[in-house]
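In this text the structure is predicted, and so the values were computed from the model without any measurement. All chains are named by letter (A, B, ...) in the order of the sequence lines, taking the proteins before the strands, and each is independently numbered beginning at 1.
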Number of protein chains: 2
Amino acid sequence: MTGRLQNELKKKRPFEEMEEEVVLNLLRTNDQFGNRFGRLFREYGLTSSQYNVLRILRGEGKPMPSLEIAERLVQVVPAITGLIDRLEKQGLVVRQRCTEDRRVVYVEITEKALGILKQIDKPLTKLHKRLLGHMPRAELKTLSRLLEKARQSLAGDEGGL
Amino acid sequence: MTGRLQNELKKKRPFEEMEEEVVLNLLRTNDQFGNRFGRLFREYGLTSSQYNVLRILRGEGKPMPSLEIAERLVQVVPAITGLIDRLEKQGLVVRQRCTEDRRVVYVEITEKALGILKQIDKPLTKLHKRLLGHMPRAELKTLSRLLEKARQSLAGDEGGL
DNA sequence: TGCAATTAGTTTACATGTAATCTATTCTCA
DNA sequence: TGAGAATAGATTACATGTAAACTAATTGCA
């Protein structure tokens, strides 16, 4: 695997090669893991995005404004509307306009959705185990830490160019 | 601060927590980096996927069958058709059916596309630097290695469930 | 030799991500 | 208090990712 990735790189300076390799590895790992999770969620009639919205709502424990959900998803605003639309159509969330500030729409998770999430919990844990169970705890910790550190270059600059 | 001790006691299954944290960090980092690269490519009229197709074609140095490109993109087959369609419409690639095996369609990169890629090279390197330049070489190496290791759990199992 | 299995690519249907623009409300403050 | 700025969402347009079904060409092999 290492060799193949490096083969795709045009040899330049070692340091730039290193950075590019990290980026490619990041993309590749994310894609492959994402595929697996996507397949699992699909077995329960959900997409990854839908699952994530529901997970956030369950974690919050009470209705949330659309934009607050969108924020936690690290998604851009427009996508959230359609996402909630489809969840509502499936009876997994309910929309309710706030009476005090009529601009705000609260989204609440339904019992039906909570039931599905509960069904997913175990297989999801199992999948995590399958994907990462072969790595010792110390390495997982290091990996998390390094990913966080990588993101520090964008800290406080989320929206800027 | 209720204390680190209590926090540790409250942890249910530390190991699974760790795995989930890695996955979330992976998603987040990938999203944020992906946004940056996407914006850069858009300045040159390309999407990330389009850039990647062109980069692969430049690297190969000669026309390639559609499916071979798709394979390297870690993408599923159907997406490649539309992608090539749009690149062709922009005059960035040319399609040519193979005479020996009439099922195969070769895709060739154009001079126009090579010119755009050349323009992108420097800003792209600069962006890499900006995103990862704050990490010492040793950490980049470790990060790459751990990402590769994470993917080993799916080795030789690309298509399976 | 002839037909089933493969293979390369396309098409269709749907969910999503991104940007730009628009509407309805609420807030600010001169 | 009243107009402009800010905020919450929705809408539109387009590129993409995914699955499933389809066409055309080639291969394998009894």
Side-chain angles (χ1 to χ4, degrees), chain A residues 27 30-43 45-54 63-71 73-90 92-93 95-107 158-159 161, chain B residues 27 30-43 45-54 63-71 73-90 92-93 95-107 158-159 161:
Chain A
L27 288 173
N30 185 73
D31 273 4
Q32 297 187 8
F33 278 27
N35 276 339
R36 296 314 171 105
F37 287 112
R39 280 184 220 165
L40 174 60
F41 297 140
R42 216 172 302 122
E43 288 177 36
L46 297 176
T47 65
S48 292
S49 295
Q50 291 174 354
Y51 172 79
N52 276 306
V53 168
L54 296 179
M64 292 174 73
S66 299
L67 289 191
E68 205 174 319
I69 299 172
E71 214 170 287
L73 285 177
V74 195
Q75 279 184 333
V76 154
V77 184
I80 196 69
T81 300
L83 201 52
I84 304 286
D85 281 349
R86 273 165 243 122
L87 285 171
E88 192 172 30
K89 201 179 300 174
Q90 291 182 68
L92 301 178
V93 302
R95 269 197 179 94
Q96 197 173 347
R97 199 165 276 278
C98 174
T99 51
E100 292 127 48
D101 185 340
R102 298 179 41 70
R103 290 170 306 180
V104 178
V105 171
Y106 277 101
V107 180
E158 299 306 318
L161 183 52
Chain B
L27 287 174
N30 185 73
D31 273 4
Q32 296 187 8
F33 278 26
N35 276 338
R36 296 314 171 106
F37 287 111
R39 280 184 220 162
L40 174 60
F41 298 140
R42 218 173 298 123
E43 288 176 37
L46 297 176
T47 64
S48 292
S49 295
Q50 290 174 353
Y51 172 80
N52 276 305
V53 169
L54 296 178
M64 291 174 74
S66 299
L67 289 191
E68 206 174 318
I69 299 173
E71 212 171 289
L73 284 177
V74 195
Q75 278 183 334
V76 155
V77 183
I80 196 67
T81 300
L83 202 51
I84 304 286
D85 281 348
R86 274 165 241 123
L87 285 171
E88 192 172 31
K89 201 180 299 176
Q90 291 181 67
L92 301 178
V93 302
R95 266 197 181 94
Q96 196 174 345
R97 198 165 276 277
C98 176
T99 51
E100 293 127 49
D101 185 340
R102 296 179 42 70
R103 290 171 307 179
V104 178
V105 172
Y106 277 100
V107 180
E158 300 305 319
L161 184 53

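Residues satisfying the side-chain contact (heavy atoms from CB on, under 4.5 Å) criterion with A/Gln90, sequence neighbours excluded, are A/Gln50, A/Leu92. Every residue was checked against the side chain to side chain donor-acceptor pair (under 3.5 Å) condition with A/Asn35, not counting sequence neighbours, and none meets it. For A/Ser48, the side-chain contact (heavy atoms from CB on, under 4.5 Å) partners two or more places apart in sequence, or in a different chain, are A/Phe41. Applying the salt bridge (charged side-chain N to carboxylate O under 4.0 Å, His left out) test to A/Arg95 and every residue at least two apart in sequence or in another chain returns A/Asp85, A/Glu88. Not a single side chain to side chain donor-acceptor pair (under 3.5 Å) links B/Asp31 to another residue, sequence neighbours left out. Every residue two or more places apart in sequence or in another chain was checked for a side chain to side chain donor-acceptor pair (under 3.5 Å) with A/Asn30, and none qualifies. Listed by chain and number, the residues in a side-chain contact (heavy atoms from CB on, under 4.5 Å) with A/Pro78 are A/Val76 (sequence neighbours excluded).
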Which nucleotides of DNA chain C pair, in dot-bracket form (Watson-Crick or G-U under 3.5 Å, | meaning another strand): ||||||||||||||||||||||||||||||
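If you measure from atom CD1 of B/Ile69 to atom P of C/dA8, you get 13 Å, rounded to the nearest angstrom. In this structure, CG of B/Asp85 is placed 13 Å from P of C/dG9, rounded to the nearest angstrom. We find that CD of A/Glu71 is positioned 12 Å from P of D/dT7, with the value rounded to whole Å. Atom CD in B/Glu88 sits roughly 14 Å away from atom C1' in C/dG9 (whole-Å rounding). One atom, CD of A/Glu68, and another, C1' of D/dT7, lie 14 Å apart when rounded to the nearest Å.
Pairing each heavy atom of B/Val93 with each of B/Val107, the nearest pair is CB-CG1, 3.8 Å.
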Is there a side chain to side chain contact (heavy atoms under 4.5 Å, CB included) between B/Leu83 and B/Leu73 once you walk through the steps? CA-CA 12 Å; B/Leu83 202 51; B/Leu73 284 177; 4.1 Å; yes
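Side chains of B/Val104 and B/Leu67 form no contact here, defined as non-hydrogen atoms less than 4.5 Å apart.
Here A/Arg97 lies out of heavy-atom contact (under 4.0 Å) with every strand.
With rounding to the nearest 0.5 Å, the separation of CZ in B/Arg97 from OH in B/Tyr106 is 12.5 Å.
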The contact string for nucleotides 14-21 of chain C, one letter per nucleotide 5' to 3', using protein heavy atoms under 4.0 Å with B, S and - for base, sugar-phosphate only and none, comes out as -SBSBBB-
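Remark: A/Arg103, A/Val104, A/Val105 in residues 98-105 of chain A come within less than 4.0 Å of DNA chain D through at least one heavy atom.
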